[in-house]
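The structure appears right after this line, and notes come after that.
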Amino acid sequence: MYIGFDIGGTNIKYGILNSLGEIIEKGMTPTNHDRELLLSELTTITKEYAQNYEINGIGISVPGIIQKDGFMLTGGAIKSLYGINLKDEMELRTGLPTAIENDANAAAIAEKWIGNAIEIDNYLCVVLGTGMGGGIVINGQIYRGAHGMAGEFGYMMTHKVDVSRNIEESSLNWTGAVVGGLYRQYYHALLAKDPSAQPITDASEIMLRANSGELEAVNVMSQYYQDVAVGIINLIGAFDPEVILIGGGISANKEFMKNLTLTINDLEEKHESINYLKGKTIAPVIPAKLRNDAGLLGAVYQIKQKLLEKISLPNG
């Protein structure tokens, strides 16, 4: 058995998985942004599971730029994980072999294992959450780049850049992500109308308000679909994938996927070169299969493979 953790900016999903990718037991807890409290919580959950299961290893999915040895250059929205070797910390605290994987890479890996990319060797996985992350698979292997940063799709800037301000405000992390983009933009629209407005952190609620004709929701959703669609079209041109998988909780919403697809199609038809290539080379965009479980599955797959490789080594 393996323990999987999927650490997000808001919540930590965790569970017990077997070697086939079946989730035996799982739970969720709010993410503590204090480093020591976060590490202690992961350790406590691990030790509690170890009382009932024989644990072979730990797989952890987490946002940020992660080097091969488990050192985290960044941790996405979890600032306390910047500059920590999370692999070493967890192995020291639990005594169990641990693998650390970027969350979007983990989602892409999971889709190749038991998801919608089993027979596909060149694809992208775009994860919409607190930010916009990405997993790049080339010839069946995750592409990490020279420093482990490949797939930070949210860094792409798709709006006019105002150099008098933080130019990241023009990036997809600020416009195309669910939390960093959709929720923030809708809240700002509400505040402009009513300074006492409270934030809405449920994409389905915002879509319902748009369907009912609320002007702020209609405008924000329309812009959000366009921002995500522009980013995806840029990725299609840059990588020429066989398919693009959309992950994150919002991808489970059929209305969201329908409207996003319509927006992508509309923009592609208005792009002369891309429109010519439709039906020839332009990748389809579909929801990822594993959705909220993808991080757990991808992280566990990594530790499972590392342990198998160790066993297969001469004198290993």
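If you read the sequence from its start, that first residue is 1, and numbering goes on from there.
Less than 6.0 angstrom separates the ring centroid of Phe256 from the ring centroid of Tyr225.
At a threshold of 4.5 Å between non-hydrogen side-chain atoms, the residues Phe153 and Asn234 do not count as touching. Here the side chains of Pro97 and Ile303 are in contact, with some heavy-atom distance below 4.5 Å. Considering only heavy atoms from C-beta on, Leu86 comes within 4.5 Å of Ile100 through its side chain. Looking at Leu124 and Leu245, their side chains never come closer than 4.5 Å, going by heavy atoms from C-beta outward. Taking 4.5 Å as the limit, every side-chain heavy atom of Leu20 sits out of range of all side-chain heavy atoms of Ile114. Under the 4.5 Å side-chain criterion, counting only non-hydrogen atoms from C-beta, Phe5 is in contact with Ile58. The shortest distance between side-chain heavy atoms of Lys26 and Asp293 falls below 4.5 Å. The shortest side-chain heavy-atom distance between Tyr183 and Val178 falls under the 4.5 Å cut-off.
We find the CG-CG distance between Leu308 and Asn56 to be 9.5 Å, quoted to the nearest 0.5 Å. In this structure, CD1 on Ile120 lies 9.5 Å from CD on Glu111, to the nearest 0.5 angstrom. Atom CG of Asn122 is separated from atom CD of Gln141 by 11.0 Å, given to the nearest 0.5 angstrom. Glu41 contributes atom CD, which lies 4.0 Å from atom OG1 of Thr29 (distance to the nearest 0.5 angstrom). Atoms CG and CD, on Leu190 and Gln185 in that order, are 12.0 Å from each other to the nearest 0.5 Å. Here the CD1-CE distance, from Ile60 to Met90, works out to 4.5 Å after rounding to the nearest 0.5 Å.
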Next on the checklist: side-chain contact (heavy atoms from CB on, under 4.5 Å) for Asn102 and Glu152? Distances and angles first, verdict last.
Outcome noted: CA-CA 10 Å; Asn102 167 270; Glu152 290 289 345; 4.2 Å; yes
Next on the checklist: Evaluate Glu101 against Arg144 for salt bridge (charged side-chain N to carboxylate O under 4.0 Å, His left out), listing each step before the verdict.
Outcome noted: CA-CA 11 Å; Glu101 185 59 83; Arg144 303 180 187 280; 2.8 Å; yes
Next on the checklist: Pair Ile200, Tyr186 - check side-chain contact (heavy atoms from CB on, under 4.5 Å), show working.
Outcome noted: CA-CA 8 Å; Ile200 303 296; Tyr186 184 59; 3.8 Å; yes
Next on the checklist: Please determine whether side-chain contact (heavy atoms from CB on, under 4.5 Å) holds for the pair Trp174 and His159, giving the CA-CA distance in whole Å, both sets of side-chain angles, and the decisive distance to 0.1 Å.
Outcome noted: CA-CA 10 Å; Trp174 284 61; His159 286 243; over 6 Å; no
Checklist entry - Could you walk me through whether Lys87 and Asp69 pass the side-chain contact (heavy atoms from CB on, under 4.5 Å) check? => result CA-CA 7 Å; Lys87 176 182 184 296; Asp69 64 355; 6.0 Å; no
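A donor-acceptor pair under 3.5 Å is formed between the side chain of Asn18 and the backbone N or O of Gly21. A donor-acceptor pair under 3.5 Å is absent between the side-chain atoms of Arg209 and the main chain of Ala217, judged by distance alone. Checking side-chain atoms of Ser171 against main-chain N and O of Tyr155 turns up no donor-acceptor pair under 3.5 Å. Between the side chain of Ser170 and the main chain of Lys160, a donor-acceptor pair closer than 3.5 Å is present. Of the possible polar contacts, one joining the His33 side chain to the Gly9 backbone as a donor-acceptor pair under 3.5 Å is found.
Heavy atoms only, all atoms of each residue included: Ala110 and Gly298 are closest at CB-N, 3.6 Å. When all heavy atoms of Asn173 and Ala177 are compared, the closest pair comes out as O-CB, 3.6 Å. Considering every non-hydrogen atom in both Thr130 and Ala77, the closest pair reads CG2-CB, 3.8 Å. The heavy-atom pair separating Gly176 from Met132 by the smallest distance is O-CE, 3.9 Å. Closest approach of Gly295 and Ala106 over heavy atoms only: O-CB, 3.9 Å.
A donor-acceptor pair shorter than 3.5 Å can be found between the side chains of Glu255 and Asn211. In this model, no donor atom of one side chain and acceptor atom of the other lie less than 3.5 Å apart for Lys304 and Tyr301. Side chains of Tyr53 and Glu25: a donor on one and an acceptor on the other come within 3.5 Å. Under the 3.5 Å distance criterion, with hydrogens and angles disregarded, no donor-acceptor pair is assigned to the side chains of Gln223 and Asn219.
Between Lys112 and Asp121 there is a salt bridge, since a side-chain N of the basic residue sits under 4.0 Å from a carboxylate O of the acidic one. Using a 4.0 Å cut-off between charged nitrogen and carboxylate oxygen, Glu268 and Lys278 count as a salt-bridge pair. Residues Arg93 and Glu36 are paired through a salt bridge, judged by an N-O separation under 4.0 Å between the basic side chain and the carboxylate. Comment: Arg184 does not engage Glu169 in a salt bridge, judged by the lack of any side-chain N to carboxylate O separation of less than 4.0 angstrom.
Surrounding NZ of Lys280 are more than 12 heavy atoms belonging to other residues, nucleotides or ligands, all under 6.0 Å away. Annotation: Met149, atom CE; neighbour count of heavy atoms from other residues, nucleotides and ligands within 6.0 Å does not exceed 12. Tyr82 OH: more than 12 foreign heavy atoms inside a 6.0 Å radius. Other residues, nucleotides and ligands contribute more than 12 heavy atoms inside 6.0 Å of the NZ atom of Lys13.
Val161 and Met156 fall into different hydrophobic clusters, where Ile, Leu, Val, Met, Phe, Trp and Tyr are joined by side-chain heavy atoms under 4.5 Å apart, directly or via other members. Hydrophobic clustering (side-chain heavy atoms under 4.5 Å, transitive across Ile, Leu, Val, Met, Phe, Trp, Tyr) groups Leu96 together with Ile12. At a threshold of 4.5 Å between side-chain heavy atoms, the hydrophobic network of Ile, Leu, Val, Met, Phe, Trp and Tyr places Ile250 and Val179 in one connected group. In the hydrophobic clustering of ILVMFWY residues, with side-chain heavy atoms under 4.5 Å counting as a link, Ile16 and Trp113 come out apart. Using a 4.5 Å cut-off between side-chain heavy atoms of Ile, Leu, Val, Met, Phe, Trp and Tyr, with links allowed through other members, Leu172 and Leu267 fall into the same hydrophobic cluster.
A side chain to side chain contact (heavy atoms under 4.5 Å, CB included) with Val243 is found for exactly one of Asn116, Val285, Ile286, namely Ile286.
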